[in-house]
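In what follows, every chain begins at residue 1, and chains take the letters A, B, ... in the order their sequences are listed. Keep in mind the model is a prediction, meaning the values are calculated, not measured.
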2 protein chains.
Amino acid sequence: MNLNRTSNEQETILKFLKEIQSYSPLEDHSEKALANICFTQKVGKNEVLQEIGKTCKTIYFVMEGSARIFYLKDGLEITEYFAFKNDLIVRAESLFKSLPSNKGIVSIEETLFVGIPSNALFSLFDEFHDIERLFRILIQTVYLETIKRLESIQFQTAEERYKGLFENHPEFIQKIPLKHIASYLGITQVSLSRIRAGIS
Amino acid sequence: MNLNRTSNEQETILKFLKEIQSYSPLEDHSEKALANICFTQKVGKNEVLQEIGKTCKTIYFVMEGSARIFYLKDGLEITEYFAFKNDLIVRAESLFKSLPSNKGIVSIEETLFVGIPSNALFSLFDEFHDIERLFRILIQTVYLETIKRLESIQFQTAEERYKGLFENHPEFIQKIPLKHIASYLGITQVSLSRIRAGIS
DNA sequence: CTGATTTTTTAACATTTGTAAAAAGAATAC
DNA sequence: GTATTCTTTTTACAAATGTTAAAAAATCAG
């Protein structure tokens, strides 16, 4: 156990370890090794966690709060992904290819993350088969989510997607500016306003 | 080595093993174990490889030819994915969740596949860390491709997507009916015809 | 080769979504 | 609490895409 941690930090990391083992369990020694490389990070509202242009070297989990991945298109922010409690948030193409990312990560509200340095994690993959398995299954899971999202954006109307989003995540509408939701849905803010007007 | 194989089959499987190890190399004994569970399958044009409604239990690689994954929406076929030479083709949500798939796989032309029974493969994951790693990296790779596709469908016009598709895969237009390309691009056949008329 | 079938294009019109600008509303700073 | 800034809605019009039907072109079977 890392002795530089406060008991709060330690508690967060233990909660995190328990949460991710719902995907695939770890041996005790693997769990300890993973715990050793994790850290916690707390940010305020609308704070940049990872900057555009930098290479992604950390995998984050949201323990409390929410954040989003965005990129710029014609000078405007496009939101690609929202992460809530217990979601993974990572700029995958940059992480897996070790290339600078054209995307950034910002918090939506005050948010507590657990971070895992990717180089240290990849070293643990060599040593602990079960850690690599856990992350293989995590990647599988986000892959399936991405396929679902692709299907929804390809073959549902904007209105269907908006409704679907709030069936799964009613908390969205409370805290996220609509312009971000619109770009996430692949439509303009004006179009989203029209949809909202039509529903209520 | 499986003694029931013809030398043609054996050659195909060796070629396959060489090809996938460009993602991550295998130890000799792992490679042999994987070779042992693989099989080859050759189908003619427009033949069903995996039926809608059945649970996916096999991971396929295209060695020669091409195939597509499709599903039905309002009685019409929507093509979700095209696989060409050296591409993986698998109904991921069914495979990873062991649930019946609402998707099917059909060949586009005469096509040679290498198949891997998923249960046997998952057993090899337990025994051979490097096989699980190889497939972890494969899943990573298809995940990144899916993210790219999501971005293109969300923020490019149909015309941009059509042009992009043929920059990457000029062979598409030669052998695939336009109705399948249209549904893959998320547009109607009529719309695709208009785009094609506008370009040439 | 020829008729039947399938695929692709074209046409006319409807609907959805986008763009730009302005107005209304909400949040924030001082 | 008021002014400023940011967010959301509304309006008017433009562009893109969908729908339906028919015509043209290509492919296939015998």
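Note on B:Lys175: every side-chain N or O is 4.0 Å or more away from OP1 and OP2 of D:dT27.
In this structure, of D:dT9, C:dT9, C:dT17, it is D:dT9 that holds the atom nearest to the side chain of A:Ser193. Here the nucleotide nearest the side chain of A:Val190, chosen from D:dG18, C:dA21, C:dT8, is C:dA21. Picking from D:dG18, D:dT7, C:dT17 the nucleotide with the shortest atom distance to the side chain of A:Lys179 gives D:dT7. The side chain of A:Thr157 lies closest to C:dT17 when the candidates are C:dT10, C:dT17, C:dT8. Each of D:dT17, C:dG18, C:dT8 was ranked by its minimum atom distance to the side chain of A:Thr188; first place goes to C:dG18. Side-chain proximity of B:Arg194 to D:dT19, C:dT19, C:dT9: nearest is D:dT19. Closest to the B:Lys45 side chain, of the nucleotides C:dT10, D:dC28, C:dG18, is D:dC28.
Counting to the nearest Å, the C1' atom of C:dT10 and the CZ atom of B:Arg196 are 14 Å from each other. The CD-P distance, from A:Gln189 to C:dT17, rounds to 16 Å in whole Å. In this structure, CD1 of B:Ile187 is placed 13 Å from P of C:dT8, rounded to the nearest angstrom. The CD1-P distance, from B:Ile153 to D:dA16, rounds to 18 Å in whole Å. Following rounding to the nearest Å, B:Leu192 (CG) and D:dA16 (P) show an atom-to-atom distance of 16 Å. Protein atom CD of B:Gln156 is 15 Å distant from nucleotide atom P of D:dA16, rounded to whole Å. The CD1-P distance, from A:Ile176 to D:dC6, rounds to 20 Å in whole Å. Taking atom CG of residue B:Leu76 and atom C1' of nucleotide D:dT19, one finds them 12 Å apart after rounding to whole Å.
The residue A:Ser191 sits close only to the backbone: its heavy atoms come under 4.0 Å of sugar-phosphate atoms, none of a base.
Checked by atom type and distance alone, the side chain of B:Glu109 pairs as donor or acceptor with a backbone atom of B:Ser66 at under 3.5 Å.
In this structure, B:Asp28 places its CG atom where only 12 or fewer heavy-atom neighbours from other residues, nucleotides or ligands lie under 6.0 Å away.
For the pairing with B:Ile195, the side-chain contact (heavy atoms from CB on, under 4.5 Å) check across B:Ile187, B:Val190, B:Leu185 returns one residue only, B:Ile187.
The existence of a salt bridge linking B:Glu93 and B:Lys103 is confirmed by a sub-4.0 Å separation between a basic side-chain nitrogen and an acidic carboxylate oxygen.
Taken to the nearest 0.5 Å, the CD atom of B:Gln41 stands 14.0 Å off from the CE atom of B:Met63.
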